[in-house]
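These notes concern the structure reproduced below.
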Amino acid sequence: MTRKYTEELERGYTALTVMEEAQRCLLCHDAPCTQACPAGTDPGRFIRSVRFRNFKGAAETIRENNALGAICARVCPTERYCQKGCSRCGIDKPIDIGGIQRFVTDFEAQTGMEILKAGPENGLTVAIVGSGPSALQAAATLRALGYGVEIFEAQEKAGGYLRYGIPEYRLPEAVLEHELSLIEKLGVKFQFKTKVGQDISLAELKERYAAVLLAIGASQAKMLDLFRDNDRVESAVSFLARVRQNHGQIDLPSNVLVIGGGDVAMDVSTTLKMLGVKNVTDVVYEEFCEFLASEKELRGAQELGVTIIDGYVPTECREGVVTFKHRHIDSQLTITVEKIILAVGQQVEAANLELPLVKNEVEFEGYQADTKVFVTGDIAHGDKTVVWAVKKGREAAMAIHQSLGGKA
Amino acid sequence: MINKDLSVEFLGVHFENPFCLSSSPVGNCYDMCKKAYDCGWGGVVFKTIGPKHFLIDEVSPRFDALTKEATPFVGFKNMEQIAEHSLEENLADLRRLKAEYPHKVLIASIMGTNEEDWTELARLVEEAGADMIEMNLSCPQMTSHAMGSDVGANPELCKKYCAAVKRGSKLPMLAKMTPNITDMVPVAKACLEGGADGIAAINTIKSIVNLDLQRYIGLPIINGKSSISGYSGKAVKPVALRFIQQLRSGIKDLPISGIGGIETWEDAAEFILLGATTLQVTTSIMQYGYRVVEDMKNGLMHYMEEQGVDRLQDLVGRANPNLIPAEELDRDYIVYPKIDEEKCIGCGRCYISCYDGAHQAMIWNEAKRRPDCDHEKCVGCHLCLLVCPVKAISAGEVVMKPGRQGDPASKVI
């Protein structure tokens, strides 16, 4: 076990090897990959640019609709989106679109390109609550349209789940910082350690700004009653944030149980292995045939030796002894561990914001809550992935622009 | 493992197989040629030996390569001239090679600046034990205009120098042609009149392969400058084949040693079918080593087996009658493409190419992501077959053009 938590797990392409991958691309007419990207990142176009050795043009294409291109390149579950429709599947396997995108955005950073631009100031300023991916995209789009943007963030730093949730081996700190710096250079202002509904009221924001965009993420961990008040239990959200803030320097026992089967559970399990935990056992409600985690994440966890047991529900927990029952067959499982990490979903904390939330989503379609208040990110309808956050961020910004009299 | 007789007789010399190193950096000294013989090459054309008074002074670096996507060495540029070792060393190497490998063919490539040089070099290499002489009339990067491709473009000079070589040696003699000329036939005829027994073709093509875009200099860069020089490798094969065909149709039964981008047995077979009896290779050796001959020989044996041929010589020139002037081709019919919907993976490349590069005959079904050919518009050019990445398109129905007579079923398509 020599892999380091702070080092990117996947090896990137070089200028030579990226050509090999781009050469595999069939350069389809009406490319299915392009149709499938929720954010409109247009892989068909940027891979073609790579194929014709126009790396700068490729970076421009990526940034046109995606202010978080370097982040999406790393964290997007591409097999569910662009790679799903890839025509190359008819021959062997899809093009590694994320990998090519990563090469292009790395090239963009190395050559100091600054593609995102602010538009001529229009005199109106929008407040954004939260600084996760959707907020960041909305900020970039609003700046391009000439709006002033001020972001109110409860934490000390920007990024939301990108900073406090995704492990560094998937999203290196430097990549996040670079993306943030590009957005900051557009003139977006940040107010940290400011919680709306506590340090400043929504009413005040509505008073002071032309519009308010609530980009509240599902940042609160869900808890199962069985595990309440057990000091061996920690939520995935808390664990991942703690590891990330300490760059992997935390103490851990040699046996850890993870409960959950989504990408977050995979991140937790993989992180534990990388930090040297000998036995990591992940027990999952879903069976493998209905698994939630992305292929890449599941493969990563398995490659590091995480034991994954599918189809079991926890029925009892006494300190470090957890009993599970299989959902369909007569089978019982008891595991004794020193630490339990729960990755069973997250919820939105939005008290004092007067939002009609049902199951962590707003009840209404679209992005507009009232005349001045808009929503985006996890609380808006749609997938909860980063690429969807980007899509929603841009669309919410356009909705604000339209409501303030601008043309879509 | 298959074992067929690859031997050929060429200008009265027996080659155990037709594969030879061409006169180039790959046959520059005893050790290299020894290794090549040991790897199974049938013959060696030792790197061109020049006169004592002409000093070779090479540049550094001296090569460049054309790439396409991730493919290296699509074409190769070389600025090296003739052998840089002394005349004595070269002759000693020839002697040693012939003594140790009496059954392998040793060809001495020579180049002079005047008739006396040519005569003397011919005499010396015969004395050293060469089986054959190849006159280098074609190196495009010599530092003297009295040498190389400037000579090879001048039929009178070629004839004079061929005669000079014949005065110095009775060995069979090849004249190596430059492709930097519109029509090779008059030069080849002049060489034969001067006494050459056969033709080697082609030498490299004058080229500029790449430029340094920041400094505006051709590659490779030699103290801020570069020069035009010879281009070789896979990219030149089509040009070489064309010259060989023209030589064979201009001069009946001309003995040819074929050169130009040979790296597989298929390339080799093409040169043979167009009339080359022996073959010479450099660029693929520079990229991959002498071992490339193993698959060329084995592949060629399997090809002979498939063709039901026991003597390689029987294949020489078989394709020559099937290359005819454009005005004599049958223009009476169209072959429509046939699309295999099962094989098709829906990339739409045929649609794009047909629209932008042909006759807008491919109809694209957006929902199904499948092409369909409109026979009203299709001219049967088959661009779609060439761009399809999965070979889902093949030659289909043959129809006569309106008003033309003939049986479509009889057409060899």
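Within every chain, numbering begins at 1; the chains are lettered A, B, ... in the order of the sequence lines, protein sequences first and strands thereafter.
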Handout entry: residues 12-22 of chain A: residues contacting chain B (heavy atom under 4.5 Å, by number)
Key = A/Leu16, A/Met19, A/Glu20
Problem - Whether B/Trp364 and A/His29 hold their rings parallel, tilted or perpendicular, with breakpoints at 30° and 60° - result: perpendicular
Practice task
Check whether more than 12 heavy atoms from other residues, nucleotides or ligands sit under 6.0 Å from atom CD of A/Glu286, and answer yes or no.
Solution key: yes
Problem - Nearest heavy atoms of B/Ile352 and A/Leu27, plus distance in Å - result: CD1-O, 4.3 Å
Handout entry: Flag if over 12 foreign heavy atoms under 6.0 Å of CZ, A/Phe288
Key = yes
Problem - Enclosure of B/His359 NE2 (heavy-atom neighbours >12, cutoff 6.0 Å) - result: no
Handout entry: Atom CD of A/Glu173: over 12 foreign heavy atoms under 6.0 Å
Key = yes
Exercise for the section: Tell me, yes or no, whether the heavy-atom count around B/Ile228 atom CD1, taken from other residues, nucleotides or ligands under 6.0 Å, exceeds 12. Expected result: no
Fill in the blank from the handout: Taking every heavy atom of B/Glu366 against every heavy atom of A/Asp30, the minimum-distance pair comes out as CG-OD2, 3.7 Å
Fill in the blank from the handout: Among residues 34-51 of chain A, residues within the sub-4.5 Å heavy-atom range of chain B, in order of number, are A/Gln35, A/Arg51
Practice task
Taking heavy atoms only and a threshold strictly under 4.5 Å, list by residue number the residues of residues 63-77 of chain B that touch chain A; give 'none' if the list is empty.
Solution key: B/Lys68, B/Glu69, B/Ala70, B/Thr71
Exercise for the section: Report, as yes or no, whether the 6.0 Å neighbourhood of atom CG on B/Asp356 holds more than 12 heavy atoms from other residues, nucleotides or ligands. Expected result: yes
Exercise for the section: Anything in residues 80-98 of chain A with a heavy-atom distance to chain B below 4.5 Å? Please list those residues in order. Expected result: A/Ser87, A/Gly90, A/Ile91
